[in-house]
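So that the names make sense, note that chain A is the first sequence line, chain B the second, and so on, each numbered from 1. Hydrogens, waters and symmetry mates are skipped; everything else that's a heavy atom, side chains included, is used.
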There are 2 protein chains.
Amino acid sequence: MAKRRTHDPVPWLDESQLDAWKSLMGMLTMLPAALDAQLKRDAGLNTFEYHVLVQLAETPDRRLPMSALACAAQGSPSRLSHAVRRLENSGWVERVTSSEERHRVDARLTDLGWNKLVDTAPGHVREARRLVVDALSPDQLAALGDAARTVLAAIDPSTAPSARGETVDPS
Amino acid sequence: MAKRRTHDPVPWLDESQLDAWKSLMGMLTMLPAALDAQLKRDAGLNTFEYHVLVQLAETPDRRLPMSALACAAQGSPSRLSHAVRRLENSGWVERVTSSEERHRVDARLTDLGWNKLVDTAPGHVREARRLVVDALSPDQLAALGDAARTVLAAIDPSTAPSARGETVDPS
DNA sequence: CTAGTTGTGTTGAACGTTCAATCATGGGTA
DNA sequence: TACCCATGATTGAACGTTCAACACAACTAG
């Protein structure tokens, strides 16, 4: 309200920009819904819960402190706490308090959770291929990834790969 | 569960594909959140409510049947019904039953709603420019739009512009 | 040894979306 | 007239996310 200044120079989008913007908005609404639907239907998981399991599975001990997991899965501490409670009720994850640091809680992927992921991942990758990876030409996919990276950098400069000492997987 | 077939040919993503996929997922989680946050903060609207107002404003009479509006704003009838109730409570939209077809309900943008949109749109466009349109080179933006269109076609072939007699703006 | 303070995690209520009824109106058909 | 079904729209409960408040341990300083 108070920001309303009629002389603000906010040039409108031209035709080609508007076209790209609308397509992007369309993808932003449809793609997450489609991926969510596949996971919900085939695995009874939502995208966030799936990502939580993936992050744990990609960790050496299959366990992570809640805060690190929240960061890795790109969710708030609260969101993670609720999600882990649901995953715990299903037996796929368990909370363990680190014996050394009693105020730190680790989420640990159970064997059941690992198997769940082994069952679930192929179907999800298949859907990812069907809707994106195989639907686009290699050049299109690379350009999409490039644009996405740039947008991410604009949203949060600290996420920019070039601007951080990203811990490189030492394999 | 029953779908688990270890011989299913689901090739994993190679390094460059995985890289693009992760960037895309990042954008898919961060960008809608960022746009939503701007609208919520500056206008007290969420993205869907904003789109509802926009769709009405772009219509000659500033009114549309609920079902047409739901389609235009890409939401379910139920979602629209709830959203219109909220917008109605704020005085930005009103429901009017078409005098001819009494079982049809139109949502109409009030003058208050029109002014609200006039106040809100520039800030939203500014944010869209900051995070996407101006953050990308023209080539990047065009490529992003192109990829998004292709993905949309993969999700719902009936949405594909090339496959439909899309009403082209006759200007 | 308290008193603040920070870091880490959880909780409950509020809010928005979804899902499965449900309501209301308008033809059809007999 | 009565009945049935299709269409358009709404409703209420269930679910997940957010937000603000809280709990708890560990550090720091007086």
Point to revise | A/Q74-A/H51 side chain donor-acceptor pair, cut-off 3.5 Å | key: no
Find every protein N or O atom lying less than 3.5 Å from an N or O atom of nucleotides 19-21 of chain D, and list the pairs.
residue: D/dC19; atom: N4; partner: A/S78; partner atom: OG; Å: 2.6

Point to revise | Non-neighbouring partners of A/R62 that pass salt bridge (Lys or Arg N to Asp or Glu O under 4.0 Å), sequence neighbours left out | key: none
Point to revise | Euclidean distance, atom CG of residue B/D36 to atom P of D/dG16 [Å, nearest integer] | key: 20 Å
Point to revise | Under 4.0 angstrom between B/S76 side-chain N/O and C/dT18 OP1 or OP2 | key: yes
Check your understanding: How close or far is atom P of D/dA6 from atom CZ of B/R104, stated in whole angstroms?
Key -> 18 Å
Practice item. Give me the residues of residues 47-57 of chain B where at least one heavy atom lies under 4.0 Å from an atom of DNA chain D, by number, or none. Key: none
Review point. On DNA chain D, nearest-nucleotide positions of B/S81 versus A/A83: which is more 5'?
Key: B/S81
Check your understanding: Whole Å only: how far is the CZ atom of B/R85 from the P atom of D/dT10?
Key -> 10 Å
Exercise for review: Using a cut-off of strictly less than 4.0 Å, decide whether A/R95 has a side-chain nitrogen or oxygen near OP1 or OP2 of C/dT10.
Suggested key: yes
Review point. Is B/T47 close to A/M25 at the side-chain level, that is, under 4.5 Å between some pair of heavy atoms?
Key: no
Practice item. Would you check if B/Q55 and B/T59 make a side-chain contact, meaning some heavy-atom pair closer than 4.5 Å? Key: no
Exercise for review: Write down the distance between CZ (B/R63) and P (D/dA9), rounded to a whole number of angstrom.
Suggested key: 12 Å
Review point. In this structure, which one of B/L56, B/T97, B/V96, B/L64 forms a side-chain contact (heavy atoms from CB on, under 4.5 Å) with B/D106?
Key: B/V96
Check your understanding: B/L45 has an atom CG; how far is it from atom C1' of C/dC15, in whole Å?
Key -> 15 Å
Review point. Is a side-chain donor or acceptor of B/E88 paired with a backbone partner of B/R95 at a separation under 3.5 angstrom?
Key: yes
Check your understanding: Hey, does A/L24 have a side-chain heavy atom less than 4.5 Å from the side chain of B/L31?
Key -> yes
Point to revise | A/R86 side chain near D/dT17 phosphate (N/O to OP1/OP2, under 4.0 Å) | key: yes
Check your understanding: What bend angle does the helix from C/dC1-D/dG30 to C/dA30-D/dT1 show across its length, from five-pair end axes and to the nearest 10 degrees?
Key -> 10°
Practice item. Starting from P on D/dT10, measure out to CG on B/L87 and report it in whole angstrom. Key: 13 Å
Check your understanding: Would you find a donor on one side and an acceptor on the other, under 3.5 Å apart, between the side chain of A/Q17 and the backbone of A/D14?
Key -> yes
Check your understanding: Heavy-atom distance under 4.5 Å between the side chains of B/V84 and B/M66, does that happen here?
Key -> yes
**Study point:** Pairs where residues 127-139 of chain A contributes a residue and the test salt bridge (Lys or Arg N to Asp or Glu O under 4.0 Å) is met, not counting sequence neighbours
**Key:** A/E127-A/R130, A/R129-A/D134
**Study point:** Nearest-Å distance for atom pair CG/P, residues A/L80 and C/dG9
**Key:** 9 Å
Review point. Within less than 4.0 Å of OP1 or OP2 of D/dG16, is there a side-chain N or O belonging to A/K40?
Key: yes
Review point. Is the closest basic N to carboxylate O distance between A/R149 and B/D19 below 4.0 Å?
Key: yes
Practice item. Grab the CG-C1' distance between A/N46 and C/dT17 for me, whole Å please. Key: 13 Å
Practice item. Tell me, please, which residues at least two apart from B/P77 pass side-chain contact (heavy atoms from CB on, under 4.5 Å). Key: none
